[in-house]
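Okay, so here's the structure we're looking at.
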Protein chains: 4
Amino acid sequence: MPKATFLNLAQEKKDLITDALIKHFATKPYHLVDISDVAKECRVAKGSMYQYFENKKDMYFYTIEVAYERFLQLLTKMDMVHVNILDYYENSLESVWNAMKDLRYEYMLLEMAFFSHDSPFKDEINEKFLKQSRDFLVEIIKYNQKQGFIRDDIDPLLIGIFLEGASFYMKKFIIEKALNENNTTTFELDIDYFKDAISQFIKLLKEGIAKK
Amino acid sequence: MPKATFLNLAQEKKDLITDALIKHFATKPYHLVDISDVAKECRVAKGSMYQYFENKKDMYFYTIEVAYERFLQLLTKMDMVHVNILDYYENSLESVWNAMKDLRYEYMLLEMAFFSHDSPFKDEINEKFLKQSRDFLVEIIKYNQKQGFIRDDIDPLLIGIFLEGASFYMKKFIIEKALNENNTTTFELDIDYFKDAISQFIKLLKEGIAKK
Amino acid sequence: MPKATFLNLAQEKKDLITDALIKHFATKPYHLVDISDVAKECRVAKGSMYQYFENKKDMYFYTIEVAYERFLQLLTKMDMVHVNILDYYENSLESVWNAMKDLRYEYMLLEMAFFSHDSPFKDEINEKFLKQSRDFLVEIIKYNQKQGFIRDDIDPLLIGIFLEGASFYMKKFIIEKALNENNTTTFELDIDYFKDAISQFIKLLKEGIAKK
Amino acid sequence: MPKATFLNLAQEKKDLITDALIKHFATKPYHLVDISDVAKECRVAKGSMYQYFENKKDMYFYTIEVAYERFLQLLTKMDMVHVNILDYYENSLESVWNAMKDLRYEYMLLEMAFFSHDSPFKDEINEKFLKQSRDFLVEIIKYNQKQGFIRDDIDPLLIGIFLEGASFYMKKFIIEKALNENNTTTFELDIDYFKDAISQFIKLLKEGIAKK
DNA sequence: GATGAATGAGCTTTCATTCAT
DNA sequence: CATGAATGAAAGCTCATTCAT
């Protein structure tokens with residue numbers, strides 16, 4: 001938890017630091033994040049970072065928490081629990097796209113924190129965030145099965161894993177394509193290509209890859 | 001590339017060192033792999049490791065290369081290119097399972113090297129291995145589409161990503177389950193549970209998640 | 001020497017700060033005393049402490065000076081110089097005990113400042129306080145010898161050292177016993193045990209440890 | 001506990017490092033001992049010190065242990081347990097003096113470690129060394145009381161404290177006198193002054209300070 | 001070639017002190 | 001004057017790499 005010193009800072013400065021932390025922890029593994037780099041980027045003394053936070057781990061967890069909150073805010077806006085998950089993927093193209101645009105680093109950070117091996121705090125993070133997140137997904141799947149939106153002859157947990165994997169790789173592919181095509185920070189990508197890709201993805205999800 | 005000193009070693013010793021390297025790089029992120037640990041495990045002096053290899057990175061790349069070869073050997077045995085990919089997944093349960101058992105560390109290493117963020121050499125690895133691997137998969141998919149084994153109205157690249165993601169998460173789930181259920185190194189898991197899970201997974205892959 | 005800013009403070013606030021400083025320097029070695037802890041305890045900004053004093057060392061020396069004055073005040077009340085030192089130890093049990101109760105932190109601070117190695121200013125302190133304190137004790141001893149209160153066939157300096165050492169360890173033993181038996185700040189100890197211990201101690205002092 | 005790397009070193013080098021550590025920990029409080037200073041003095045890289053020991057605390061405890069052993073070796077030579085404690089002090093002048101000459105830093109280190117406030121490991125040290133040392137002294141006193149060497153109407157614990165305090169201050173006085181009179185490392189002091197001081201000290205111990 | 005001790009750059013963290021408000 | 005955020009030197013510790021034997 002950040003110290004009071006941090007919380008008392010002007011919102012603008014807090015955001016500057018938070019965003020720098022998210023960016024750094026999102027693009028490098030924990031061990032390669034150099035606090036003095038982050039400090040330099042914020043034009044703040046290295047020591048100040050330790051006035052704001054207990055230690056590096058504190059910065060990391062704070063960073064994850066903020067990223068997670070920002071992400072959840074987006075999801076809760078959609079009342080995920082009571083939505084047809086297929087419709088959700090199908091209709092929310094634009095908003096997902098925008099989320100990925102706006103919360104790109106947050107997204108990358110969370111993926112890394114949850115799925116990469118490079119954190120010395122994997123178990124803690126898993127305990128704190130991941131379990132609820134997979135459980136949450138499984139809940140949605142169960143609800144969708146009960147409503148008859150999706151097939152109910154498959155273990156909801158397996159569907160969850162299937163969904164997570166396929167969609168994570170899909171998103172990663174899209175993000176990397178976007179990042180490669182423009183090294184700037186603008187993160188522009190042909191929206192049409194993206195729409196088309198997502199709609200094909202949905203088809204695969206719904207209908208499978210088998211020839212009919 | 002290992003130095004001549006290494007290549008001249010007795011095959012037995014070479015294997016010992018290679019396996020230790022694979023195991024270490026497979027279970028820890030690059031930065032947490034301590035060369036002196038590896039050396040100790042091989043009962044070899046730390047300095048010797050530097051007689052055999054240029055540096056840590058050299059060891060890492062050598063390790064990936066071996067793991068990759070071992071894996072490809074398994075795939076080529078099956079004439080992957082000319083197989084029905086659905087049949088492949090459906091019928092090769094046992095052999096996949098055994099592969100995961102025998103080449104577990106190789107498998108984990110490759111997943112980590114290719115998909116985790118914690119390597120300082122991500123781009124190099126991507127350039128050297130991943131592209132060919134994904135290209136390889138896409139070739140198979142194209143062949144499968146041409147033969148009429150799978151639908152051809154979807155971009156083969158997207159199918160590839162879809163397959164990679166869903167199956168990676170699936171395998172990861174299975175492996176972790178197996179690792180959790182027995183802390184020993186024996187890596188045993190109820191084969192029936194595994195068979196059932198895979199068959200459900202294949203159904204999803206083939207038919208999609210939509211209610212019929 | 002405290003700055004004018006400090007001296008101009010309301011007496012109440014000055015005492016608050018002085019007492020907090022004494023307590024902190026008495027219970028922790030110099031290097032572990034954190035000025036911001038002291039400031040927090042006084043509900044004063046850390047920066048203010050530096051408006052009051054030049055630096056940490058200034059605070060330390062001021063603190064010792066006050067503790068020393070408070071102690072001397074107690075001694076002079078008794079006209080130490082003209083007292084029979086044996087009577088003094090024997091009869092002043094209660095008052096010594098009370099002094100140790102009321103000026104416990106002062107006492108601990110002085111012991112630490114004078115005899116512990118952990119001050120970077122040992123020599124300075126020795127120069128400033130200890131010499132006069134030992135000289136003072138030696139004066140008393142000489143007076144006692146002249147009056148025939150104690151033996152005069154021993155170098156008064158050696159008697160002084162003997163007295164200092166034996167009584168310091170004795171007091172330390174008693175204080176630690178008191179502190180261990182109650183973690184509270186009340187500093188209560190069975191007065192009877194204490195009286196008995198002191199009277200045995202006096203016997204040893206007077207008569208020595210030899211069998212008669 | 002030092003690492004194998006240290007134990008494998010040439011005895012000469014081990015001694016060099018051990019002695020440097022003893023000297024530094026004996027003359028400065030724990031927090032002021034800078035490992036890179038010690039390393040520099042041994043003409044060894046800072047990092048090497050950490051090849052030899054786990055960490056600074058490890059160095060400290062190793063240092064105390066060696067000093068303690070060296071000291072005990074001296075005491076056991078004298079069969080302390082079965083000696084008349086007064087004779088011991090009276091007759092062993094020369095050997096005590098030589099011990100103080102040879103093991104000066106060891107002596108200072110132990111005093112500091114056992115009695116100063118500045119160690120973050122006070123309790124651990126107390127547990128490991130001090131308890132046995134005071135218990136040992138009390139055992140000797142009880143034995144002396146039983147043999148009729150010293151008075152038995154006083155609590156042996158109190159006699160122990162009395163003895164510890166008086167003799168510690170005495171030794172300290174002597175050592176500091178010796179150190180002040182010659183800044184060199186030769187540690188010479190007029191042996192006659194010393195003998196005289198000790199014999200007066202013994203008198204006080206035996207007969208007390210009271211006028212006969 | 002094998003060994004393992006030696007090296008030092010590089011990172012995290014602390015805290016007395018300064019300084020802008 | 002009071003405040004408390006900002007500073008940066010300094011210390012502990014790690015580990016890939018080198019090097020003398």
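All heavy atoms count here, side chains included; hydrogens, waters and symmetry mates do not. Here is the naming used below: chain letters follow the sequence lines, and residue numbers restart at 1 for every chain.
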Item to check | Upstream residue (5' side of DNA chain E) when D:Val44 and C:Lys56 are each assigned their closest nucleotide | outcome: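 The answer here is D:Val44.
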Checklist entry - Relative to the 5' end of DNA chain E, which residue comes earlier, B:Met49 or A:Met59, by the nucleotide with the nearest heavy atom? => result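 On the 5' side of the pair lies B:Met49.
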Whole-Å distance between [N] [atom2] and [X] [atom1]?
X	N	atom1	atom2	value
B:Asp58	F:dA16	CG	C1'	14 Å
D:Phe53	F:dT14	CZ	P	14 Å
B:Lys40	E:dT3	NZ	C1'	14 Å
D:Arg43	E:dT7	CZ	C1'	17 Å
A:Lys3	F:dA6	NZ	P	13 Å
A:Tyr60	E:dT12	OH	P	14 Å
C:Leu9	F:dT3	CG	C1'	15 Å
D:Lys13	F:dT21	NZ	P	11 Å

Checklist entry - Can you tell me the Watson-Crick or wobble partner of E:dT21, both distances under 3.5 angstrom? => result F:dA2
Would you say [N] has OP1 or OP2 under 4.0 Å from some side-chain N or O of [X]?
X	N	value
A:Asn8	F:dG4	no
B:Tyr50	F:dT17	yes
C:Lys46	F:dG4	no

Item to check | Distance under 6.0 Å and angle within 45° of ring axis: B:Lys57 vs B:Tyr62 | outcome: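 Geometry flag: not set, cation outside 6.0 Å or 45°.
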Next on the checklist: Quick check: on DNA chain F, is the nucleotide nearest C:Thr5 upstream (toward 5') of the one nearest B:Gln51, or the reverse? Name the residue that is more 5'.
Outcome noted: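 Final value for this comparison: C:Thr5.
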Checklist outcome for this item: Residue pair B:Asp34/C:Ala4 against DNA chain F: nearer the 5' end by closest nucleotide is C:Ala4
Next on the checklist: For A:Tyr105 and A:Phe25: C-alpha separation, side-chain torsions, deciding distance, then whether ring pair (Phe, Tyr, Trp, His ring centres under 6.0 Å) applies.
Outcome noted: CA-CA 9 Å; A:Tyr105 287 128; A:Phe25 280 120; over 10 Å; no
Checklist entry - Is there side-chain contact between A:Lys23 and A:Glu41, with at least one heavy-atom pair below 4.5 Å? => result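 SC-SC contact between A:Lys23 and A:Glu41 confirmed.
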Checklist entry - So, do A:Ile35 and A:Lys40 sit near enough that their side-chain heavy atoms are less than 4.5 Å apart? => result no
Next on the checklist: So B:Tyr52, base contact, sugar-phosphate only, or nothing? Heavy-atom distance under 4.0 Å.
Outcome noted: sugar-phosphate
Checklist entry - If you look at every strand shown and take non-hydrogen atoms under 4.0 Å, does D:Ser48 touch a base, only sugar-phosphate, or nothing? => result base
Checklist outcome for this item: In C:Thr27, C:Ile64, C:Thr63, C:Ile17, the residue satisfying side chain to side chain contact (heavy atoms under 4.5 Å, CB included) with C:Ile22 is C:Thr63
